[in-house]
Amino acid sequence: GGDSAAFEITKDTAPARGAVDTVTWSLYAEPQSLDYAYAFDYHPNTVLANVCEQLMRITPDLKVEPGLAAAAANPDPKRWVYTIRDGVKFHDGSALTADDVVASMRRHMDPKVGSYWVSVYQNVDKIEKTGPMEVTVHLKKPDQLFNEEMGTSAGTIESAASLAKEGYGTPDVGVDCTGPFSFESWQKGQSITFKKFADYWDMTLEPKVNTLKMVFIPDPAARVNALLAGEVDGGYLLPPPGFAKLRTATNGALYFGPNTTAVSLIPTDLKGTLGDVKVRRALSMALDRDGIIKAAAGGAGTPAKAPGAIGAWGIAPDAAKEYYAELPALTRDVAGAKKLVEEAGASGKKVVIATSTLSPDISVIANAVQSAGQAIGLKVELKAVAPEAYTALFSDPKAREGIDLVMTIWYDSTPDPLEFYGILRTGDFSNYGGYSNPEYDALVDEANAQADPAARAATVAKLQEIAVRDVVWIPLYEPPHTMFLNKRLTGAPTSISQLVYPWAARLGSAG
Amino acid sequence: MTEYALEVENLRKTFGEHVAVDGVSFALRPGGSLAVVGESGSGKTTTARMLVGLERPDSGRIRVAGRDRSGAARGRATRLARAREIQMVFQDPYLSLDPRVTVAACVEEPLRLHFAMTPAERRARRDELLARVGLGEREADALPRRLSGGQRQRVAIARALATEPKVLILDEATAALDVSIQAQILDLLAEIRRDTGVGYLFVTHNLALVRHVADDILVLYQGRVVESGPTRDVLTAPEHPYTRLLLHSVPRPGWDPARIAADRRALATALRKTPPAPAPDRASERRSVTP
Amino acid sequence: MAGFLLRRIGGIAVTLLVTSFLVFGSVHLAPGDPASFLLGGRSASPAAVAAIKAQYHLDDPFLVQYTKWIGGVVTGDFGKSATFRQDVGGLIAARLPTTLLLIGYAGVLILVGGLAFGALAALRRGVVDRAVLVGTGIATATPSFVAAIGLISLFSVQLGWFPAFGNGGGFGDRIYHLTLPAAALALTFVGLLARVTRTSMLEELGREHVEVARSRGVPGSDVVRRHVLRNALGPITTVTGTIVAGLLVATSIVETAFGLSGVGQLLVSSVTVKDFPVVQAVSLLVVLAFVTANLVVDLVHPLIDPRLSHAKGGGA
Amino acid sequence: MTAVPLQRRRLLAPLARIAGGDKLVTAALAVLAVLIVAAVFAPWIAPHDPDAVDLSATLSGSTPEHLLGADQSGRDVLSRLIFGARTGLLGPLVVVIVSTLLGMLIGVAAAWHGGVVDSVLSRAMELIFSFPALLLAIILVAVFGVGLTAPVIAMSVAYAPYVGRLARSVALQEKARPYIQAYKVQGWSGWVICVKHLLPNIAPLILAQSAINFGYALMDLAALSFLGFGVQPPTADWGAMINEGSPSLLQGAMLPALAPGVAIVITVVAFSIVGESIADRVARREQ
Amino acid sequence: MTTRLLEIENLTVRLAAGKAARPILDGVSLHVERGEAVGLVGESGSGKSVTCRSVLGLLPEGSRASGGVRVDGEDILTMSSTQLRDLRRRGVSMIFQDPRASINPMRRIGDFVAEGMRAGGVPQKDALKRAEELLESVGIREPRAALRRYPHEFSGGMLQRVMIAGALAGGPRLLLADEPTTALDVTTQAEVVSILTGLRAERDMGMLFVTHDLELAAAICDRIYVMYAGRIVEAQSTEGLFSRPRHPYTSGLLAATPRLESDQPPHGVPGRPVSLAEAPSGCAFAARCAHARPGCTEHEPGPREIDGAQVACLRAEELIHD
Ligand SMILES: Nc1ncnc2c1ncn2[C@@H]1O[C@H](COP(=O)(O)OP(=O)(O)OP(=O)(O)O)[C@@H](O)[C@H]1O
Ligand SMILES: Nc1ncnc2c1ncn2[C@@H]1O[C@H](COP(=O)(O)OP(=O)(O)OP(=O)(O)O)[C@@H](O)[C@H]1O
Ligand SMILES: [Mg+2]
Ligand SMILES: [Mg+2]
């Protein structure tokens with residue numbers, strides 16, 4: 001508790017006043033590629049958001065708007081028709097056509113490419129050019145979410161000509177998109193530089209920054225110090241241990257912004273000790289969420305009641321609060337939890353939780369879970385997982401063998417809570433525990449066919465209730481999105497939509 | 001035919017290009033004493049090492065007490081047999097004893113290896129050997145580092161005598177000692193030879209010493225025997241210029257180093273023209289090899 | 001001399017060949033399917049696996065794969081990084097300048113500091129000697145990552161004198177950025193070199209020819225310069241070879257600790273993601289650098305000690 | 001009270017005797033003794049369970065409850081330090097034992113036999129030598145995965161040539177000494193001479209090197225743990241503690257990272273002092 | 001009255017306090033006249049080298065000396081370091097036992113020979129020219145080429161000549177030769193000695209010749225000092241020493257030395273030589289002396305003059321050793 005936990009959400013920063021020549025921005029790692037098909041992680045998306053655009057655009061206040069598609073129509077539940085915006089130019093000067101859109105989208109379905117976004121296309125039957133400036137996506141079954149996903153890298157449009165180039169997306173070749181900034185150079189291991197794109201189509205987002213330089217600073221301490229020293233102008237996703245220092249900075253401010261992220265524990269083996277919902281609930285009851293927030297998140301976070309973040313309800317933010325309020329309160333009750341475990345006959349049973357040096361919060365949470373588990377009579381073991389294997393836990397079922405519990409920081413790309421709750425349906429790739437509930441599955445399909453956001457949200461609320469009741473995931477807390485900005489600048493959005501929205505285009509001088 | 005304690009024929013040893021020992025032949029009577037002299041690098045040590053099997057001759061024959069010992073000692077039996085026939089005392093008393101082994105153990109080790117004795121017998125024999133070289137109980141328990149150079153050399157002699165060899169090779173065994181101690185050791189060696197009948201092969205460069213310890217002498221020069229014969233004869237009437245040079249080089253009253261220096265240069269020039277031929281010779285017969 | 005050099009270079013080639021085989025072979029032994037490493041652990045469709053396998057020749061027998069790889073290496077083609085989807089050669093080349101500058105900088109610190117402290121201790125027995133001994137003792141025992149933590153927390157976090165990240169722009173800026181990393185990298189080796197220098201000089205100081213020089217009225221400073229320092233260079237050069245080896249690997253720790261993007265950090269991150277083509281290439285590079293350093297040491301030795309040049313020259 | 005210093009002196013007396021009266025060496029031996037005791041009796045000595053999480057104590061500085069503070073997860077740093085001595089000493093111990101045995105075997109065999117055996121073994125050593133230990137460890141980690149096993153195997157192999165070179169050169173010197181030759185002349189087999197006389201006489205020097213190697217192995221293994229390749233969390237290990245603790249430096253919490261760092265330095269210093277004193281004694285005995 | 005070339009008076013050297021504190025020399029007195037060759041004989045550890053080195057002011061580290069060491073009347077023990085350096089460059093030179101250890105193996109022969117001159121301010125070119133002449137004078141062939149060669153290319157005997165050439169460079173009045181031939185072969189020894197004595201005579205230098213070989217000392221020197229356990233026990237003319245040794249130790253040494261022209265086999269002196277530190281009170285030799293009496297272990301015998309010989313033996317008058 002205490003004052004360190006007090007934090008305030010800033011929805012946005014003040015609009016920029018004027019132009020600046022150069023902005024240096026910090027990334028916590030070097031993107032391995034600028035190919036949108038592999039842009040799945042925070043840092044490549046933070047870069048690409050300014051360079052490549054999607055069919056749809058997700059705004060800082062988490063709304064889905066038309067992007068490179070001037071219009072998206074859903075003439076029947078199994079068809080999405082995109083009208084391509086006129087007069088859009090690629091960085092090389094060529095004009096955007098339906099061919100580019102088809103080529104960009106089909107890549108995700110090409111096994112040779114191995115796109116990380118393939119699951120967005122799981123319901124797609126085929127993609128066709130239906131006019132010089134029109135593309136139609138035929139679905140196998142209704143998929144509302146698909147259209148929203150077109151605001152993420154799954155909907156990124158790249159010029160067909162550059163996609164055909166050998167070495168597309170690598171430092172030497174770069175990319176050729178339509179965004180407000182164009183790829184200039186990539187100093188391997190150090191930085192990527194972008195230039196303002198003069199022929200950018202969207203006048204409202206005309207960049208005020210001439211040169212945008214993204215530097216890679218993997219070490220958290222180094223990143224914080226560079227910000228404090230003014231060596232870099234800003235950065236997203238700051239390390240919680242640095243919050244205290246960044247808050248007291250005189251040369252800039254630390255912002256906490258809207259987020260779609262929730263930190264949860266995923267029971268990955270619903271056939272093991274955690275197969276019994278009582279045990280899962282007990283563990284959830286035993287956790288010291290406030291302590292965890294303080295130790296792992298630098299105090300910046302709110303205890304979560306549901307695995308899907310309340311921030312992810314962009315399609316119905318107000319209704320979401322009501323739904324959320326109806327969820328049972330999470331109060332810590334170790335004695336009660338212990339009793340539940342005894343009832344379930346799970347006392348002394350083993351639970352294995354993965355831990356890793358990948359980031360400090362993983363180990364802090366793993367340690368906290370261990371101590372909570374021990375307190376209620378479970379035998380919690382930590383299994384150290386190499387940093388590389390930690391990511392594999394989420395993609396490779398084999399890697400999860402022998403592990404009961406995995407900590408995750410899960411964010412939604414779209415402002416639609418269905419994106420998260422959809423993954424808990426039977427057989428979904430990300431349904432790691434193998435949760436299966438026919439009622440739930442039916443609700444998912446129902447929601448995905450509901451074009452009206454409010455109606456869809458209402459259905460998702462039911463999904464949320466079930467997921468919480470069954471403790472499919474154990475929610476921990478919701479952290480805010482973080483950004484530090486030097487006081488000479490302003491305009492950058494604070495919300496997580498910066499991963500898909502051309503945030504740097506709004507950046508400019510403060511004075 | 002006389003049975004020689006040690007008989008060497010045409011011994012030759014090269015190290016790479018360098019010929020260290022070249023056609024050396026000699027013989028040692030049982031209980032006799034033969035000195036091998038020569039300047040530094042003339043092949044004395046190499047010869048000695050071949051005799052005890054530390055170095056393998058390229059060619060030539062070594063016979064010890066009538067048995068051929070030219071080849072490498074393969075197998076335990078030959079190794080032990082050879083060790084009982086011939087032993088060696090090394091030059092540096094400070095390096096020739098294992099620093100971790102007490103004097104008593106040092107003498108007992110060969111006894112244990114070579115003879116089937118009860119511990120009591122072994123102790124008795126050890127004390128006998130130590131007494132033989134003039135060491136008492138106090139020294140027996142000591143580690144080598146507590147002993148003086150002379151005492152160490154006594155231990156080395158006792159150790160060599162333990163296997164009751166026929167021949168003892170003394171490679172400059174007194175060179176590292178002070179004269180007063182050297183004389184003690186020489187006394188001791190003479191006494192042991194008288195009492196046990198062991199034969200000595202003295203390796204030395206000190207001609208004055210040879211005069212008092214050896215019956216016969218063998219002069220080596222650049223790996224070859226240039227002169228050999230009874231000590232008295234060789235020292236009073238050296239035939240080979242090198243022997244003469246060696247003899248004149250020994251400091252004594254009336255010594256003229258300038259002349260020796262001149263002789264040495266002359267010899268070097270002469271020998272450069274005609275190198276000394278190997279001398280297939282018996283030490284008992286007097287013979288010199290002219291340049 | 002030329003013969004000696006040729007033989008040594010031949011030896012190096014053999015060493016590299018054997019080590020490359022060992023590295024490649026051991027990587028091949030790694031449990032698991034290489035294709036799945038290349039896919040970053042994602043469970044992919046059989047078509048994707050087949051595509052990857054074809055792309056990386058994973059279906060060929062081991063020896064064929066090795067031959068193809070080593071053939072590529074000889075022509076400067078180290079293969080393609082699985083995670084970066086780029087040529088390994090390019091990846092390394094981009095990071096090499098930082099690493100070399102870091103090593104060079106640290107090398108200068110080590111040479112200057114090590115020799116100065118070592119000589120000081122050898123020549124000023126007593127308090128100075130003791131102080132240097134204690135200091136270097138601690139320095140040698142301080143692993144570079146501990147030094148890195150200490151330096152960062154003191155000079156970047158507390159005092160803010162030095163930047164804690166990045167490689168810097170121009171030369172001066174780079175030097176400024178690399179100061180702390182170079183210091184962390186150098187610390188252990190400064191201690192090591194100082195100790196070797198001290199021992200070696202003390203040994204030479206005790207030699208008879210030094211006393212002879214004094215007995216002939218040669219001034220003390222000349223004695224130290226001509227007879228002590230020069231003669232002490234032998235062991236110092238030898239240990240310098242070892243230090244180079246240590247530096248090559250320690251850079252991976254220091255670069256990681258300071259978030260510098262150099263070859264060492266590339267190695268570490270590639271190991272983390274099992275990016276074997278990169279691991280193989282960097283390993284080979286380190287071994288090459290190491291044997292080359294030793295060759296240089298062997299070539300320098302005869303220049304210092306004429307006795308060695310004679311022996312080697314004669315042998316050829 | 002005089003009882004306390006007296007007690008202390010009595011405790012240190014045997015160490016001082018081993019140290020030959022040298023204060024520094026006595027101190028080093030005392031440090032090592034403390035470490036060994038800490039490692040062996042960790043569960044009894046440590047004030048807390050090293051893995052006990054107390055989120056209310058997160059990053060607390062030094063308090064009576066946590067003398068060296070608590071880490072990010074609120075675990076007691078002192079207790080983790082004490083338990084960390086276990087992997088901290090065990091890994092290097094295995095490395096030193098294996099590499100010493102291997103190195104001695106190779107070095108003595110090469111020196112004793114000479115000729116072809118020598119050149120083959122020497123070449124092999126040179127080959128391994130051209131792999132810096134950490135590199136070999138990193139490669140093995142890449143291949144066989146993280147943990148203590150791969151690095152320990154790699155370093156046992158990589159350290160062997162260091163011992164082997166030394167063993168070879170001292171064995172060559174020792175072999176040329178007349179006392180060894182005297183044993184040959186006595187008729188002992190090479191095997192017996194090597195085992196009974198040559199090895200014991202070169203052992204102290206090699207022991208000295210091994211003590212120093214122990215320090216290096218400790219540093220290398222800690223470095224691997226720091227890189228995340230060695231001992232894995234949550235096991236308390238000094239290198240891993242530094243890795244886990246370094247983000248906390250930003251929050252001004254020095255102890256979680258600095259305490260294990262200092263522990264490493266002190267341990268390595270102690271080992272090198274002991275190693276050097278052994279070498280010194282050998283040198284003095286030679287004179 | 002003319003001053004003596006070298007006069008050592010009552011020189012006592014002891015290692016200063018600490019664990020290693022012990023005496024090394026006790027009341028050593030000796031002198032060398034101009035042009036005279038004087039021998040200093042004794043067994044190992046008797047203090048010959050320390051005596052010899054003290055003349056150059058090279059005392060063991062941490063030792064204190066009392067008494068006087070005067071070269072041409074100037075006391076070395078009280079000299080400033082500049083004076084001392086000057087003395088070493090020009091006044092007194094020393095030749096050491098092991099030439100291989102005494103010449104820096106990493107520097108050229110020319111550097112070695114010229115070094116003393118260079119230190120004295122002679123230009124490099126002149127110094128090398130002079131070095132060439134010196135090498136020639138000690139009988140090195142092709143001296144010019146030799147200047148550029150390294151010590152390992154020379155044999156021990158040749159190196160000792162180089163050493164001598166180096167010692168002669170400053171034109172010294174006094175030559176200290178500390179066992180200059182012990183490491184050499186007999187034939188080489190003769191050659192080196194012939195060069196040494198020849199040059200000495202030619203340049204009229206005084207020479208202190210240190211050796212443990214009585215016969216060698218006799219062949220070279222006019223007078224001989226015999227040392228035992230840090231003290232001079234006897235000093236006499238060479239013939240006197242050989243015909244009428246006064247000290248039992250001297251006669252013991254003579255008897256122990258094997259000689260070519262004598263049929264007498266060498267006889268050892270019982271016991272072993274001791275250093276001053278080990279020596280008991282009284283006469284240090286008493287324990288080994290056949291003529292020792294109870295008084296010998298009580299009183300330290302001072303040097304006395306008997307028939308022109310200096311002897312430090314309580315019973316010197318009673319005993320005549322022939
Ligand atoms: N192991 C070896 N390898 C190469 N050369 C050797 C070896 N042993 C001896 N020699 C050479 O053989 C020659 C004869 O050496 P040896 O030791 O037999 O001479 P020495 O007469 O004993 O000399 P010294 O009086 O110096 O002991 C020398 O030139 C020496 O350099
Ligand atoms: N630098 C030194 N430090 C300490 N003790 C020394 C030193 N130099 C000589 N001594 C001691 O002084 C005594 C006399 O030594 P010195 O070298 O003068 O004997 P020496 O007569 O020259 O013997 P040798 O014939 O062996 O050369 C010895 O006991 C020796 O241990
Ligand atoms: Mg010899
Ligand atoms: Mg001496």
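Every chain is numbered from 1, with letters handed out A, B, ... down the list of sequences.
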Okay, E239(E) and chain B: the region with an atom under 4.5 Å from a heavy atom over there is neither
Minimal heavy-atom distance between L260(E) and L207(B), with the atoms involved, is CD2-O, 4.0 Å
Do side-chain atoms of H248(B) reach the backbone of T187(E) as a donor and acceptor pair under 3.5 angstrom?
no
Taking side chain as C-beta onward, heavy atoms only, is V213(B) less than 4.5 Å from P265(E)?
no
Determine the minimum heavy-atom distance between R211(B) and S262(E), stating which atoms define it.
NH1-O, 2.7 Å
At a heavy-atom separation under 4.5 Å, does R252(B) approach chain E through its side chain, its backbone, both, or neither?
both
Between G268(E) and D187(B), the two heavy atoms sitting closest are N-OD2, 3.6 Å
Taking all non-hydrogen atoms of both residues, which atom of P258(E) and which atom of H212(B) are closest, and how far apart?
CB-CD2, 3.9 Å
Matching residue for S180(B) among H267(E), R272(E), R288(E) - test: side-chain hydrogen bond (donor to acceptor under 3.5 Å, both in side chains)
R288(E)
Using modelled atom types and a 3.5 Å cut-off, is there a donor and acceptor pairing between side-chain atoms of Q184(B) and backbone atoms of A256(E)?
no
Per-residue contact mode, D263(E) against chain B (heavy atom under 4.5 angstrom)
both
Closer than 3.5 angstrom, by distance alone: can the side chain of E191(E) be matched with the main-chain N or O of I260(B) as a donor-acceptor pair?
no
Please classify the contact of R265(B) with chain E as side chain, backbone, both or neither, using a heavy-atom distance under 4.5 Å.
side chain
